[in-house]
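Throughout, protein chains are lettered first and strands after them, A, B, ... in sequence-line order, and every chain is numbered starting at 1.
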Number of protein chains: 4
Amino acid sequence: MVTQRFRNTEDPGLDELYGDMADADLQPLWLQKGLLPRMPNGLSPHIWRWKTLRALAERSGDLVGIDRGGDRRVLALAHPDLRGEPFATHTLWGAIQYLNAGELAPAHRHSPAALRFVLEGTGVWTLVDGDPVLMEPGDLVLTPSYNWHEHHNPGNTPMIWFDGLDLPLVRNLDAVFFEEGPDEPTDYAQVRTSRSEHRFGMAGMQPVGHVRAVQHPASGRHSPLLTYRWAATDAALTSMLDAGAAGWAAARYVDPATGGDIMPTLRSEMHRVLAGHRTPTTRTVGGGLWVVHSGSGASVIGGVRFPWAAGDVFVVPSWAAVDHEATENADLFLLSDGPMVEAAGLGRTETLPEHQHVTGTVAG
Amino acid sequence: MVTQRFRNTEDPGLDELYGDMADADLQPLWLQKGLLPRMPNGLSPHIWRWKTLRALAERSGDLVGIDRGGDRRVLALAHPDLRGEPFATHTLWGAIQYLNAGELAPAHRHSPAALRFVLEGTGVWTLVDGDPVLMEPGDLVLTPSYNWHEHHNPGNTPMIWFDGLDLPLVRNLDAVFFEEGPDEPTDYAQVRTSRSEHRFGMAGMQPVGHVRAVQHPASGRHSPLLTYRWAATDAALTSMLDAGAAGWAAARYVDPATGGDIMPTLRSEMHRVLAGHRTPTTRTVGGGLWVVHSGSGASVIGGVRFPWAAGDVFVVPSWAAVDHEATENADLFLLSDGPMVEAAGLGRTETLPEHQHVTGTVAG
Amino acid sequence: MVTQRFRNTEDPGLDELYGDMADADLQPLWLQKGLLPRMPNGLSPHIWRWKTLRALAERSGDLVGIDRGGDRRVLALAHPDLRGEPFATHTLWGAIQYLNAGELAPAHRHSPAALRFVLEGTGVWTLVDGDPVLMEPGDLVLTPSYNWHEHHNPGNTPMIWFDGLDLPLVRNLDAVFFEEGPDEPTDYAQVRTSRSEHRFGMAGMQPVGHVRAVQHPASGRHSPLLTYRWAATDAALTSMLDAGAAGWAAARYVDPATGGDIMPTLRSEMHRVLAGHRTPTTRTVGGGLWVVHSGSGASVIGGVRFPWAAGDVFVVPSWAAVDHEATENADLFLLSDGPMVEAAGLGRTETLPEHQHVTGTVAG
Amino acid sequence: MVTQRFRNTEDPGLDELYGDMADADLQPLWLQKGLLPRMPNGLSPHIWRWKTLRALAERSGDLVGIDRGGDRRVLALAHPDLRGEPFATHTLWGAIQYLNAGELAPAHRHSPAALRFVLEGTGVWTLVDGDPVLMEPGDLVLTPSYNWHEHHNPGNTPMIWFDGLDLPLVRNLDAVFFEEGPDEPTDYAQVRTSRSEHRFGMAGMQPVGHVRAVQHPASGRHSPLLTYRWAATDAALTSMLDAGAAGWAAARYVDPATGGDIMPTLRSEMHRVLAGHRTPTTRTVGGGLWVVHSGSGASVIGGVRFPWAAGDVFVVPSWAAVDHEATENADLFLLSDGPMVEAAGLGRTETLPEHQHVTGTVAG
């Protein structure tokens, strides 16, 4: 989109007008195309394969150290529709982080909010504002806006996890703040259970007199529970299926102090589809990034079939029709910008009356 | 307080005025005493002993059946300050309910909200709007406003539980509605886990797309989790103490979908005091009813020491100073009208700088 | 309701049981009658006549001074169903206040919230936490919970207004606090417009950066606008009728900073009925106190017709069917406990399909 | 930002790694510069001059008609930092709209929310979901998300107004929906007062039983008052200044039903600075677009002085220090994305201890 394109009509008066507008940093609306599409069309679906992600992360682990300034060994998912920007969607950052045995990713904090979903390995502690959180496969770990965080691997094996952030969204709001912490590891205990779990890890029970600790004057409300363990997530889905769901169930990770989303800008859910089942087709305003935690199957997105297996990551664009079908029992982790779409008053989800007609399949 | 008392001053003009006022259903404010006390003074502390409660409940179980109309075998705590009304405080109903083996307390529903805290026995199911909830010692079970409920004892032993209701408060609002259900037991499965637990029993996880089922046009928001199991409550308190609390800890039962109180009018908490510890002294606007779940010790209320043991129930009046001291490790269940005091904008809790001076002790 | 009444059945075993219960401050639920009525039935409708109210207020003005301790020359509406308590309903205090020329009703504050609706006269200032509010007929003036307030009549004529408070409700919560201020009048300007009006008197406009001033640690949220002028109320109703309402319209007084009720416990509305029109019949959970501001007509309450004229005050009990019919254009001011009924989750209003059958008329 | 730039290091292994990453749609975080700045730096301040805006709008009015498809004669402010996109900031659309006598801008609706602030002329009606709103200078008119709207000029003179939308923000959320209405003008009355004003135009008064009419399943909450008249805005500011503000005052336009912002994504305020006064210097997270309604003066933004006069429009970027100084009494209309920054938990405003040092002046 460039201002100049509006010149060279066949009317000299108009040409002069459009030229003068361009000189004045103005653009005529009536010549804009695509500004107001009939429905969202900003992005294609896209998939990244675990085999590739893992291999490149491991090669990076061999070749690239973690230095102050870089701070993290992170491979960002760069959606090809986004003109070279290292973003997975217009609003979401997705990435693979790789931490070798013995390494430290040093402390920093920033206004964008982040979460980690553990893909492989164990034995890393993420220190969130002083609270040491052990990371194991299937765990979700929050490092909310403005919380100091560092990752520390005192073990013998590398770890790989998925990073999700609201960075593109916060950049669009021009609200990014960043601050480095100390270079040296903060001293902390290698405990199994974080303080946040001790206080908020039980369903329906809260410490009397809980007052939210504020890390920063601009720190918004976020969940006081900093990690959601795989065992609990698994049990919740099993329980929901026991209660009668037909072949699939979905649980949202929520702030136990409010019942709302875990952080003001990000929503996370885990969807379980049993082998042989296919979910109804839905479409939702707002974009989603799906990480296959386990199992195999395929999703149909906008009529195109995307087969997937554990570790794959794919984008479901805003308002694209989507359903998931499992070959083996499958668990799919979802990260979305739902809370902000709803804050804008624009949230909407529809279930379509029937499954999509499949017009093609992307190679697995 | 009677209208006539304002006659017979020594001034005939005033006498006539006050008489004419009384005839017109008016009262002069300036002769009222005690309408606006400097601070709450409406009630004394009071204690009921488990030994007595249990014995009278058992005798009632032998002598009195459960008939339609009576509906329940319930012994209401009648605070002696309340002029014969069967209420524990101005706003709270407390009672002991006794259900023999094989008995059914038939279905009804009402606008006052109720909860049950199980004291002795096991094997009763409370059916809450069709969801069968098994009751075991230490469990909290909700039967919120306008939810159909019945109690069914298919086992071999009697059960006893504490009933807490907002009935006096709802009467004061002149908002009591009541409806009988069918006389016959509703057919239901003797399942270990209610549907509400299947859906809301995991910390920080919620079914995606949860929509509150509404039982009645006037049914307010309440917790979708209908029971809080003792094992979870115990674990929460243990975990909070592990996290560093010094000798005592307190957990509030909350609506997992909002983080707020379990029902719009009632608050519940479990307070654990370890042997040899004494809590700080606090005072709170609003009245509380305490049920000793286990252990022994004493509470100082307004300077008077009330020793207690398991099963005892006592009133801590609004704004009375209170602290608890444990001889053996003790768990104290609290029922209060806190949500309504706060809705009125009048909530306040203070911690006093030191423990109260004890001026007397009530016989144990 | 007295504990003893449960003795003297024809069964000696039961007699002994009931006696032992009474000794133990317990009451058997199964002998209680009327605890759980099918629907609210706590109060009859009742009316007080302006002619009587005004005459007795004036006589009080002649015979009784305003002393510290009494603080106010107030005639409380004492509903005959309430056993001598000086309350208009279970939750609402209604009264007539009379202030002679030159008098001061000295400063105090209390946890119960109050409002004034001006009936006759002009020239009194109510000082609300230091903000001088001029009072004129038809104005509503708020003195919210814990706000210091005093009334000062520097003019030449007496004034009469209606006082509405949540005192019975706050007493039931055992949450009454009271504090005297200085005996002497606080010095203040006799200004036409209070500071609160300067800041919040314009529809849809708020001061940027408004932070609520807190008078007291337990002071709940209330409207920052302390007076609602008759001219604005009249204009709002006129405008609503112009917009197409058929013969009647009703406006709620709201907190301009939230759109909610003016105070946490009290709701106020002004209902206008044009001559010859009759409103639909409705019933609402929660009690209402109606003050006739102007005009004449009659209300049918629970099938009984209550004719009224300006200055009359009447009670519409909880869930009683009610409609209003105007002979002359009439404005009816309503005070209710609606916010607390709704906080308890029990709010409900129904419009009945047709007008009530009138079974009697109360003498006018 | 392009993926390829990471090749050609001096290490062939790294070159190969970065090449393989690019092929796999991945980017190494550690080579990114500027992704996480220490504080917002996404935009420069910028100003558009009324003289230019007006002249180009008028020329457009002479040369360009309003056709279906174009729908509006609108000149979009295209910030030169935004690479040719027709947006004033990352989140805000600002534009000048010009409607000749007798013209119709036909009906459409869209998910982005819009407002109009009238700059010149009178006699246009904007029909908002069927409610005809007359437009006059200084009026603010809302056409919230998904509300049908069309502009109709039955008068004899052209009109010019400022259009503000959240379009860039909604595009970033990939949530734009658009729908055309009928080509022909909807028949409507040329009334002075819209229905929304009849119902919500009085401070502190609301229709009893107001239920929000919903235009669309995805329509968020917005103000039920669709226009804020200049006379009321002017009176509010005058009143605030009378109440003691020292040389400047600011009023926020609010939803009278909630006290919150007028629409979920957009905030509007009017700031008045009296001649000879300079406001304190503040900085705020989130971007602002300022329209000079009247008067003259200058704003210092990030140390640079921008003189302005009536009709000028300027951008104050996120977190840039800003203060305003008036030569003549001045009224400045502000449009910002504050509600969304706050929804993201990132809202923050600071007042700096002293005025900025001025390092330069932009030509007036």
A.B. asks: Measuring heavy-atom distances to chain B, does C:L167 have an atom under 4.5 Å in its side chain, in its backbone, in both, or in neither?
C.D. replies: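 The answer is the side chain of C:L167.
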A.B. asks: How far apart are the closest heavy atoms of B:F177 and C:P40, and which atoms are they?
C.D. replies: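 Of all heavy-atom pairs spanning B:F177 and C:P40, the closest is CZ-CD, 3.3 Å.
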A.B. asks: Identify which of B:L43, B:L77, B:D71, B:L36 forms the greatest number of heavy-atom pairs closer than 4.5 Å to chain C.
C.D. replies: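 Top count of heavy-atom pairs under 4.5 Å with chain C: B:L36.
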A.B. asks: Just verifying a value: how many Å separate C:R38 CZ and B:H110 NE2, rounded to the nearest 0.5 Å?
C.D. replies: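 Those atoms lie 12.0 Å apart.
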A.B. asks: Going by the rule salt bridge (charged side-chain N to carboxylate O under 4.0 Å, His left out), which residues pair with B:E179 if we only count those two or more places apart in sequence or in a different chain?
C.D. replies: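 Result, salt bridge (charged side-chain N to carboxylate O under 4.0 Å, His left out) vs B:E179: B:R109.
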A.B. asks: Please state whether the side chain, the backbone, both or neither of C:I66 comes within less than 4.5 Å of a heavy atom of chain B.
C.D. replies: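 Contact with chain B: none, neither part.
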A.B. asks: Could you tell me which of C:S318, C:P317, C:G70 has the largest number of non-hydrogen atom pairs under 4.5 Å with chain B?
C.D. replies: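 Going by pairs under 4.5 Å, I would pick C:S318.
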A.B. asks: List the atom of C:P86, the atom of B:Q27, and the distance in Å for their closest heavy-atom pair.
C.D. replies: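 Distance-wise, the nearest heavy atoms are CB-OE1, 3.6 Å.
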A.B. asks: Check each atom of C:R49 against the heavy atoms of chain B and say whether the ones under 4.5 Å are side chain, backbone, both or neither.
C.D. replies: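 It is neither, since no heavy atom gets under 4.5 Å.
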A.B. asks: Given side chains that start at C-beta, do those of B:V64 and C:W30 come closer than 4.5 Å, heavy atoms only?
C.D. replies: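 SC-SC contact between B:V64 and C:W30 confirmed.
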A.B. asks: Please state whether the side chain, the backbone, both or neither of B:T52 comes within less than 4.5 Å of a heavy atom of chain C.
C.D. replies: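 Side chain of B:T52 only, per the 4.5 Å heavy-atom cut-off to chain C.
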A.B. asks: Going by salt bridge (charged side-chain N to carboxylate O under 4.0 Å, His left out), name the residues that satisfy it together with B:R267, two or more places apart in sequence or in a different chain.
C.D. replies: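 In terms of salt bridge (charged side-chain N to carboxylate O under 4.0 Å, His left out), with neighbours along the sequence ignored, B:R267 is linked to B:D261, B:E342.
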A.B. asks: Between atom CG of B:L346 and atom OH of C:Y146, what is the distance when rounded to the nearest 0.5 Å?
C.D. replies: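 One gets 6.0 Å once the value is rounded to the nearest 0.5 Å.
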A.B. asks: Under 4.5 Å between any side-chain heavy atoms of B:F87 and C:L35, yes or no?
C.D. replies: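 The answer is yes; the side chains approach within 4.5 Å.
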A.B. asks: Nearest heavy-atom pair of C:H90 and B:N172: which atoms, and what distance?
C.D. replies: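 Shortest heavy-atom contact: CB-O, 3.0 Å.
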A.B. asks: Under 4.5 Å from any heavy atom of chain B, what part of C:S60 do you find: side chain, backbone, both or neither?
C.D. replies: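 Both backbone and side chain of C:S60 come within 4.5 Å of chain B.
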A.B. asks: Which residue out of B:V341, B:L63, B:D62 racks up the most heavy-atom pairs below 4.5 Å with chain C?
C.D. replies: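 Sorted descending by pairs with chain C, the first entry is B:L63.
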A.B. asks: So for B:P112, is it side chain, backbone, both, or neither that comes closer than 4.5 Å to the heavy atoms of chain C?
C.D. replies: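 When you check distances to chain C, only side chain atoms of B:P112 fall under 4.5 Å.
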A.B. asks: Could you have a look at B:A343, B:A175, B:A24, B:P37 and say which one has the most heavy-atom pairs with chain C under 4.5 angstrom?
C.D. replies: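 The candidate making the most pairs under 4.5 Å is B:P37.
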A.B. asks: Below 4.5 Å from any heavy atom of chain B, which atoms of C:E16 appear? Answer side chain, backbone, both or neither.
C.D. replies: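 When you check distances to chain B, atoms from both the backbone and side chain of C:E16 fall under 4.5 Å.
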A.B. asks: Cut-off 3.5 Å, side chains only: do B:H46 and C:D25 have a donor facing an acceptor?
C.D. replies: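 Their side chains do contain a donor-acceptor pair, which is all the 3.5 Å distance test asks for.
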A.B. asks: Please report the shortest heavy-atom distance between B:L173 and C:M340, naming the atom on each side.
C.D. replies: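 Scanning both residues completely, I find the closest heavy atoms to be CD1-O, 4.3 Å.
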A.B. asks: What part of C:T265 gets within 4.5 angstrom of chain B, counting heavy atoms only: side chain, backbone, both, or neither?
C.D. replies: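 Contact with chain B is through the side chain of C:T265 alone.
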A.B. asks: Any side-chain heavy-atom pair from C:L26 and B:L53 closer than 4.5 angstrom?
C.D. replies: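 Yes - at least one pair of side-chain heavy atoms lies under 4.5 Å apart.
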A.B. asks: Indicate the atoms forming the closest heavy-atom contact of C:G345 with B:P264, along with that distance.
C.D. replies: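 Where C:G345 meets B:P264 most closely, the heavy atoms are N-CB, 4.2 Å.
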A.B. asks: If you define the side chain from C-beta out and look only at heavy atoms, does anything of B:L29 sit under 4.5 Å from C:W93?
C.D. replies: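 Counting from C-beta outward, B:L29 and C:W93 do come under 4.5 Å.
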A.B. asks: Any chance you could measure B:M39, atom CE, to C:S111, atom OG, to the nearest 0.5 Å?
C.D. replies: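 Here the interatomic distance stands at 11.0 Å.
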A.B. asks: Does the C:D174 side chain pair with the main chain of B:G42, one donor and one acceptor, at a distance under 3.5 Å?
C.D. replies: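 Looks like yes, one N/O pair under 3.5 Å.
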